[in-house]
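For reference, the structure is listed below as structure tokens.
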Amino acid sequence: LAGNVGRILGVDRGTVTMHQNVAMATEAMVSCFDITPERNKIVYTDLNFPSVMYLYEGLARRGAEIVRVPGDEEGITVDLDRLLSAIDERTLLVPVSHVLFRSAVVQDAKAIADRCREVGAFLILDVYQSFGSFPLKLKEWGVPAAVGGILKYGLGGPGNCFLYVDPDVQEEMGLPPQFT
């Protein structure tokens with residue numbers, strides 16, 4: 001199953017693992033990071049899926065500075081320039097949704113990935129709402145990690161969530177091969 005998920009994500013075989021749910025997959029990735037005073041910002045939008053935001057907000061107790069980029073008044077979209085400008089050299093993590101669950105607006109994953117690389121932040125792209133609905137090119141876009149599930153548009157059953165981690169990132173972080 002993980003191999004088929006990887007093909008749909010546009011990533012190399014062997015870079016996807018299956019998990020019980022997105023929160024567990026996200027926690028597996030987040031546990032690899034140290035929050036330091038020099039790099040403690042976690043930047044996401046207030047239009048992310050709520051259950052995952054709770055996980056990140058809990059990191060404030062460990063010294064994280066949570067920066068929620070607001071959506072527009074209607075709750076439909078987030079200004080890309082506002083999001084990109086919030087990501088700076090102090091940003092550790094940028095966990096954002098590729099497609100906003102409330103409105104189906106598609107965020108520019110490549111632009112976000114480019115900005116994260118530029119300042120040394122780590123992008124965790126939530127592709128739950130986009131998986132199976134249109135082509136994904138995570139490797140081409142430079143996305144280092146993604147979480148999602150196949151329940152919705154992948155027509156899979158419960159518990160079919162996944163974590164993708166770029167193999168170069170796995171090596172840089174010293175993750176064991178069984179991590180993915």
Worksheet entry | side chain to side chain contact (heavy atoms under 4.5 Å, CB included) between Phe49 and Tyr128, intermediate numbers included | CA-CA 10 Å; Phe49 195 76; Tyr128 202 99; over 6 Å; no
Practice prompt. Applying side chain to side chain contact (heavy atoms under 4.5 Å, CB included), name anything that partners Glu38, two or more places apart in sequence or on another chain.
Written response: Thr36
Worksheet item: Just wondering, do Met18 and Val5 contact through their side chains at under 4.5 Å, heavy atoms?
Response: yes
Worksheet entry | Contacts of type ring-ring contact (aromatic ring centres under 6.0 Å, His included), residue Phe122, not counting sequence neighbours | Phe33
Discussion item. Go through it in stages, so that I can follow the logic: the residues are Ile124 and Val143, the test is side chain to side chain contact (heavy atoms under 4.5 Å, CB included), and I'd like the CA-CA distance, side-chain angles, deciding distance and then a yes or no.
Written reply: CA-CA 8 Å; Ile124 303 173; Val143 173; over 6 Å; no
Practice prompt. May I have the step-by-step check of side chain to side chain contact (heavy atoms under 4.5 Å, CB included) for Tyr56 and Thr26, ending in yes or no?
Written response: CA-CA 10 Å; Tyr56 290 106; Thr26 301; 3.1 Å; yes
Worksheet item: Same cluster or not: are Met24 and Val30 linked, directly or through other Ile, Leu, Val, Met, Phe, Trp or Tyr residues, by side-chain heavy atoms under 4.5 angstrom apart?
Response: no
Worksheet item: Do you know the tightest heavy-atom contact between Leu80 and Ile112?
Response: CD1-CG1, 4.0 Å
Practice prompt. Any chance you could measure Ile42, atom CD1, to Leu93, atom CG, to the nearest 0.5 Å?
Written response: 5.0 Å
Worksheet item: Donor-acceptor pair, Gln170 side chain versus Val165 backbone, under 3.5 Å?
Response: yes
Worksheet, complete the sentence: So OH of Tyr44 and CZ of Arg68: to nearest 0.5 Å the spacing works out to 4.5 Å
Practice prompt. Could you list the residues that satisfy side-chain hydrogen bond (donor to acceptor under 3.5 Å, both in side chains) with Thr91, not counting sequence neighbours?
Written response: Asp88
Practice prompt. Go through the structure and list residues passing ring-ring contact (aromatic ring centres under 6.0 Å, His included) with Phe162, not counting sequence neighbours.
Written response: Phe131
Worksheet, complete the sentence: So the ring-ring contact (aromatic ring centres under 6.0 Å, His included) pairs with at least one residue in residues 66-86 (sequence neighbours excluded) are none
Item to complete: Report the residues that fulfil side chain to side chain contact (heavy atoms under 4.5 Å, CB included) with Glu65, sequence neighbours left out, ordered by chain and then residue number.
Response: Asn40, Lys41, Val67, Arg90
Worksheet item: Once you round to the nearest 0.5 Å, how far does CG of Asn21 lie from OG of Ser51?
Response: 8.0 Å
Counting only pairs under 3.5 Å, give me each side-chain donor-acceptor contact of residues 94-102, with atom names and distances, residues two or more places apart or in other chains.
from: His98; atom 1: ND1; to: Ser130; atom 2: OG; distance (Å): 2.9

Fill in: Listed partners of Arg62 passing side chain to side chain contact (heavy atoms under 4.5 Å, CB included), at least two apart
Ile35, Leu59
Fill in: Those residues that, when tested against Ser85, pass side chain to side chain contact (heavy atoms under 4.5 Å, CB included) (two or more places apart)
none
Worksheet item: Which pair of non-hydrogen atoms, one from Val119 and one from Glu89, has the smallest distance, and what is that distance?
Response: CG1-OE2, 3.7 Å
Discussion item. Using the rule given for side chain to side chain contact (heavy atoms under 4.5 Å, CB included), can you reason through Met29 versus Val147, listing the C-alpha separation, both sets of side-chain angles and the distance that settles it, and then say yes or no?
Written reply: CA-CA 9 Å; Met29 191 71 240; Val147 295; 5.8 Å; no
Practice prompt. Can you see which heavy atom on Pro70 is nearest to which on Val78, and at what distance?
Written response: O-CG1, 4.0 Å
Item to complete: Rounded to the nearest 0.5 Å, what's the gap from CG on Leu123 to CG on Asp166? Could you check?
Response: 11.5 Å
Worksheet item: Of the non-hydrogen atoms in Arg39 and Ala121, which two are nearest, and what is the gap between them?
Response: NH1-N, 3.7 Å
Worksheet item: Could you state the interatomic distance from OH (Tyr164) to CG (Leu9), rounded to the nearest 0.5 Å?
Response: 8.5 Å
Worksheet item: Can you name the nearest heavy-atom pair linking Val69 to Ala86, along with the distance?
Response: CG2-CB, 3.8 Å
Response to the item:
The salt bridge (Lys or Arg N to Asp or Glu O under 4.0 Å) partners of Glu118 (sequence neighbours excluded) come to Arg115
Discussion item. Check this for me: does any side-chain nitrogen of one of Asp12 and Lys139 sit under 4.0 Å from a carboxylate oxygen of the other?
Written reply: yes
Worksheet, complete the sentence: Taken in chain and number order and not counting sequence neighbours, the residues that satisfy salt bridge (Lys or Arg N to Asp or Glu O under 4.0 Å) with Glu27 are none
Worksheet entry | OH/Tyr54: more than 12 non-hydrogen atoms of other groups inside 6.0 Å | no
Practice prompt. Kindly give the heavy-atom pair with the smallest separation between Gly75 and Ser103, and that separation in Å.
Written response: O-CB, 4.5 Å
Worksheet entry | Counterpart residues, side-chain hydrogen bond (donor to acceptor under 3.5 Å, both in side chains), relative to Asp114 (two or more places apart) | Lys110, Arg117
Worksheet item: Can you tell me how far CD of Gln107 sits from CG of Leu125, rounded to the nearest 0.5 angstrom?
Response: 8.5 Å
Discussion item. For the backbone of Gly71 and the side chain of Asp46, can you confirm whether one donor and one acceptor N or O come within less than 3.5 Å of each other?
Written reply: yes
